[in-house]
Number of protein chains: 2
Amino acid sequence: MTGTTETVSYVSPADEAWDAFQELFMQYRPRMLEIHAEYELKPPPVALALRAIDEPTPMGKIADHLCCDGSTVTWIVDRLEERGLVERQADPRDRRVRLVALTDEGRRIRNEIRAKLSQAPPAIAALSEEDQIALRDILRRAVRVPADR
Amino acid sequence: MTGTTETVSYVSPADEAWDAFQELFMQYRPRMLEIHAEYELKPPPVALALRAIDEPTPMGKIADHLCCDGSTVTWIVDRLEERGLVERQADPRDRRVRLVALTDEGRRIRNEIRAKLSQAPPAIAALSEEDQIALRDILRRAVRVPADR
DNA sequence: TATTGTTATACTCTATAACTATA
DNA sequence: TATAGTTATAGAGTATAACAATA
């Protein structure tokens, strides 16, 4: 029996890459929590909501993005609104909808957070420039694949 | 002034790679939550704790790993112990310490979860085998860098 | 009738402070 | 005296169900 017929416990390079990917993310997680904590954005979904908003966004879309209940989004947006980071706007197309929009301050803070989170961790920064570029190009190709599931 | 002296808004390939990395992770997040939900491991830290345990592990080390308070780990381990997935053991070297160890059932469940989480998402699986291998090799090189911060 | 979002509510999760037991 | 972990507790976070407004 040759190696190529072994399928039961075969691990594809994709799965091996994915394991390393996740390990790297778990390495980074404390830093991400630290950055969120600097802005008192807690629990994580509050920070994720702020990070995700760009254009005015319906409450329901935020719920989908966070994978949480709509009533939880009401609570999250209440918190962000109390702090003046977002405001609820009417949607002229459908008066049931409430659009969540960044305030100027909210945009400033969100951009600050994004900038900090965008700094590659040591694990990536220490790679050769050749590796960095190859990694960037491969990941950009990957991200373009629709995540239908 | 030449381009190489421009430092203010320069984005390195490392940072660009890191942005794509994070986008891919956010794409995958719903699937991760779904897998955790299949096993009723909620909130996320409960699932992360179970996933992380291999050898019997002191409570305090789990708190460090999750970036949470020790009393929260007491609560998390209580939940896992109620379900028969872990058990507290004495540490013969230091009687203050409680080691959290997987039960047979806990190891079975943890392995099942790990196997599901190890399946590369479509974005990765759809890459050419050449890209998959390059990605794996680069990420493995990255992960070996100590995450001193 | 169905959908978007809010309110009221109960339950879950989390940290703080005080405590026990070891070191 | 310091450290590992637990307990008691208050407060934060989350979902469910019932509701109001609009489609």
Side-chain angles (χ1 to χ4, degrees), chain A residues 29-30 32-34 36-53 55-83 85-102, chain B residues 29-30 32-34 36-53 55-83 85-102:
Chain A
R29 182 173 174 272
M32 187 177 69
L33 295 177
E34 184 180 61
H36 290 169
E38 278 176 37
Y39 295 90
E40 294 177 283
L41 292 169
K42 224 184 34 164
V46 174
L48 295 181
L50 183 66
R51 285 171 58 182
I53 296 171
E55 300 309 306
T57 307
M59 303 286 289
K61 197 174 167 190
I62 295 175
D64 291 344
H65 180 252
L66 299 179
C67 309
C68 72
D69 189 77
S71 61
T72 302
V73 175
T74 295
W75 181 86
I76 288 171
V77 171
D78 283 350
R79 296 294 81 70
L80 291 172
E81 200 167 34
E82 282 167 8
R83 291 181 51 185
L85 303 179
V86 304
E87 62 187 10
R88 286 169 164 90
Q89 296 175 347
D91 183 339
R93 288 179 246 263
D94 182 340
R95 288 159 59 202
R96 293 171 303 180
V97 171
R98 304 279 266 158
L99 297 173
V100 182
L102 292 174
Chain B
R29 181 173 173 271
M32 188 177 70
L33 295 178
E34 183 180 62
H36 289 169
E38 279 177 35
Y39 295 90
E40 295 176 284
L41 291 170
K42 224 183 32 163
V46 174
L48 294 182
L50 183 65
R51 285 171 58 183
I53 297 172
E55 298 309 308
T57 307
M59 303 285 290
K61 197 173 167 189
I62 295 174
D64 291 344
H65 181 253
L66 299 178
C67 307
C68 73
D69 188 77
S71 60
T72 303
V73 175
T74 295
W75 181 86
I76 289 170
V77 171
D78 283 349
R79 298 292 82 69
L80 291 171
E81 200 167 33
E82 283 166 8
R83 291 180 52 185
L85 302 179
V86 303
E87 61 185 11
R88 286 169 164 91
Q89 296 175 348
D91 183 339
R93 287 179 247 263
D94 183 340
R95 287 159 60 203
R96 294 171 304 181
V97 171
R98 305 279 266 157
L99 297 173
V100 182
L102 293 173

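All figures in this text were calculated on a predicted structure; none of them were measured in a lab. Each chain gets a letter, A, B and so on, in the order the sequences are listed, and its residues count up from 1.
- Atom P of nucleotide dT22(D) and atom CG of Leu99(A) are separated by 15 Å, given to the nearest angstrom.
- The side chain to side chain donor-acceptor pair (under 3.5 Å) contacts involving residues 39-53 of chain A comprise His36(A)-Arg51(A), Tyr39(A)-Glu112(A), Tyr39(A)-Lys116(A), where partners must be two or more places apart or lie in separate chains.
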Cut-off 3.5 Å, no hydrogens considered: what does the side-chain donor-acceptor table look like for residues 55-63 of chain B, sequence neighbours left out?
| from | atom 1 | to | atom 2 | distance (Å) |
| --- | --- | --- | --- | --- |
| Thr57(B) | OG1 | Glu55(B) | O | 2.6 |

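- In this view, Ser71(A) and Asp69(A) satisfy the side chain to side chain donor-acceptor pair (under 3.5 Å) rule, not counting sequence neighbours.
- Using a 4.5 Å heavy-atom threshold, the side chains of Thr72(B) and Pro45(B) count as separate.
- The side chain to side chain donor-acceptor pair (under 3.5 Å) check on Arg96(B) picks up Asp94(B), with sequence neighbours excluded.
- For Glu82(B), the salt bridge (Lys or Arg N to Asp or Glu O under 4.0 Å) partners two or more places apart in sequence, or in a different chain, are Arg79(B).
- Rounded to an integer number of Å, the gap from Ile62(B) CD1 to dA4(D) P is 14 Å.
- Between the CG atom of Asp78(B) and the C1' atom of dA8(D) there is a distance of 14 Å, given to the nearest Å.
- The distance between atom CE of Met59(B) and atom C1' of dT7(D), rounded to the nearest whole Å, is 12 Å.
- Rounded to an integer number of Å, the gap from Gln89(B) CD to dA4(D) P is 19 Å.
- Atom P of nucleotide dG5(D) and atom CG of Asp91(B) are separated by 9 Å, given to the nearest angstrom.
- Here the C1' atom of nucleotide dG5(C) and the NZ atom of Lys61(A) are 17 Å apart, to the nearest Å.
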### Task
Any chance you could list the contact pattern along nucleotides 13-23 of chain C? Use B for base contacts, S for sugar-phosphate-only contacts and - for none, protein heavy atoms under 4.0 Å, 5' to 3'.
SBBB-----BS
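- The CD-C1' distance, from Glu40(A) to dA12(D), rounds to 14 Å in whole Å.
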